[in-house]
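Since the structure comes first, as structure tokens, the remarks are kept for the end.
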Protein chains: 2
Amino acid sequence: MTRKRFDDLGCSVACALNEVGDWWSLLVIKQAMLGTRRFVDFQSGLGIAKNILCDRLSRLVDNGVMTRVNVGEHGTRYEYRLTDKGRDLFAVVVALRQWSERWNGNRDDMQLVARATGEAIAPLVVQSADGEALTVRDVLFVDENGQPLERAG
Amino acid sequence: MTRKRFDDLGCSVACALNEVGDWWSLLVIKQAMLGTRRFVDFQSGLGIAKNILCDRLSRLVDNGVMTRVNVGEHGTRYEYRLTDKGRDLFAVVVALRQWSERWNGNRDDMQLVARATGEAIAPLVVQSADGEALTVRDVLFVDENGQPLERAG
DNA sequence: GGAAAAGGTTGCATCAAGAAACCAAATACA
DNA sequence: TGTATTTGGTTTCTTGATGCAACCTTTTCC
């Protein structure tokens, strides 16, 4: 059967997962944030099969997350770069990193620091409009009429 | 071939994706954050096949993201609830929601507001230790010795 | 000009996803 | 109390995705 479409579920999260929700896409994006631009570097850096990498890169390009630019002097030699839309996934990548480090321990061989200070970046916090920290218990899902739906416990 | 393992890639993001990185898991978690606890409610709320839902729920339970509690009076009637680890994925879900709304428009039929004020929550911002907003260009990936790796452009 | 690298494509074997049918235990209901 | 329905789940089958290896064309290096 065809893979289920997620963009008609009436949910932004589903819509996002439709674009970057598969096993490899976010890792490709993270690798791009790390500085990788060439096909072979993505391949060796991630250990991904070439046909899968082809498929993911072109899908990311189709969705406007990355662009393919021709850098060959006499023809076809490509670089894949993040667009603004792709770079804006930084918060998602950081959120996943921090969650994994908190609950699974740091299995990472690299760390993320601020360029200016060299210090580790701060934990992401969901905040209200006036700056209060919010957990999932402090929020409400409301429909378009402002009517609240049930909430997690 | 067996699906590639992501937890031995030496990357926290890969490790996180190994637990919640497939198409359905994050949607199940988001649904749980919305208040859903029963098997049938997940099923009808997401339109997911029962065998897939079974598999995802038990995998999430195995990974400590959710718990299965028996609420039957004389036997087996289950509820699936988020653990602290699961609730801590809130920032990831919010990051994905906000990204999707920014770049794909709001296709959501519901909104996320602070329970106390009723106002929409603030956009997530990656910050340095002293509170400066950071983009992907403002950070450095360093290895365990503090040596910087390349970075995105 | 020759060799190697870059960027794919194709074919094949295996695994997961999706739909529907089926099932046992536990409630609801008359 | 007896029956119908709900709940939670398994099984079967078909289709799609994944991983690997081989091959291929253009481009760059020397």
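The chains referred to below are lettered A, B, ... by the order of the sequence lines, with proteins before strands, and numbering in each begins at 1. Hydrogens, waters and symmetry mates are skipped; everything else that's a heavy atom, side chains included, is used.
- Distance CD1 (Ile48(B)) to P (dA17(C)): 9 Å, rounded to an integer number of Å.
- Not one N or O on the side chain of Lys50(A) forms a donor-acceptor pair closer than 3.5 Å with the backbone of Phe39(A).
- Taking atom CG on Asp22(A) and atom C1' on dA17(C), their separation rounds to 14 Å, with Å as the unit.
- Judged by distance alone, with hydrogens and angles left aside, the side-chain atoms of Asp138(B) form a donor-acceptor pair with the main-chain N or O of Thr135(B) at under 3.5 Å.
- In this structure, Ser58(A) contributes its side chain and Asp55(A) its backbone to a donor-acceptor pair below 3.5 Å.
- Side-chain nitrogen and oxygen atoms of Arg77(A) include none within less than 4.0 Å of the OP1 or OP2 phosphate oxygen of dT26(D).
- Closest contact between the side chain of Ala49(B) and the listed nucleotides dG8(D), dG8(C), dG18(C) involves dG18(C).
- If you take CD of Gln43(B) and C1' of dT6(D), they are 12 Å apart, rounded to a whole angstrom.
- Between the Asn70(B) side chain and the Arg77(B) main chain, a donor and an acceptor come within less than 3.5 Å of each other.
- Distance alone, capped at 3.5 Å, is enough to place a donor-acceptor pair between the Ser44(A) side chain and the Val40(A) backbone.
- Taking 4.0 angstrom as the limit, Tyr78(A) places none of its side-chain polar atoms (N or O) nearer than this to OP1 or OP2 of dA5(C).
- With rounding to whole Å, Asn18(A) atom CG is found 16 Å from dA17(C) atom P.
- The NZ atom of Lys50(A) sits 12 Å away from the P atom of dA21(D) (whole-angstrom rounding).
- Lys85(B) places no side-chain N or O within donor-acceptor distance of the main-chain N or O of Met66(B), the cut-off being under 3.5 Å.
- Residues of residues 55-64 of chain A that place a heavy atom closer than 4.0 Å to DNA chain D, in numerical order, are Arg56(A).
- Note: CZ (Arg37(B)) to P (dT7(D)) measures 16 Å, nearest angstrom.
- A close approach under 4.0 Å does not occur between any side-chain nitrogen or oxygen of Trp23(A) and OP1 or OP2 of dA17(C).
- Computed from coordinates, the Leu53(A) CG to dA6(C) P distance equals 13 Å when rounded to whole Å.
- When heavy atoms are screened at a 4.0 angstrom cut-off, Phe42(B) is found touching no nucleic acid atom at all.
- Rounded to an integer number of Å, the gap from CD of Glu79(A) to P of dA6(C) is 13 Å.
- Residues Arg102(A) and Pro123(A) approach most closely at NH1-CB, 4.5 Å, considering heavy atoms.
- Closest-nucleotide positions on DNA chain D for Phe39(B) and Asn51(B) were compared, and the one nearer the 5' end corresponds to Phe39(B).
- Comparing dT18(D), dT10(D), dG7(C) by their nearest atom to the side chain of Ile52(A) picks out dT18(D).
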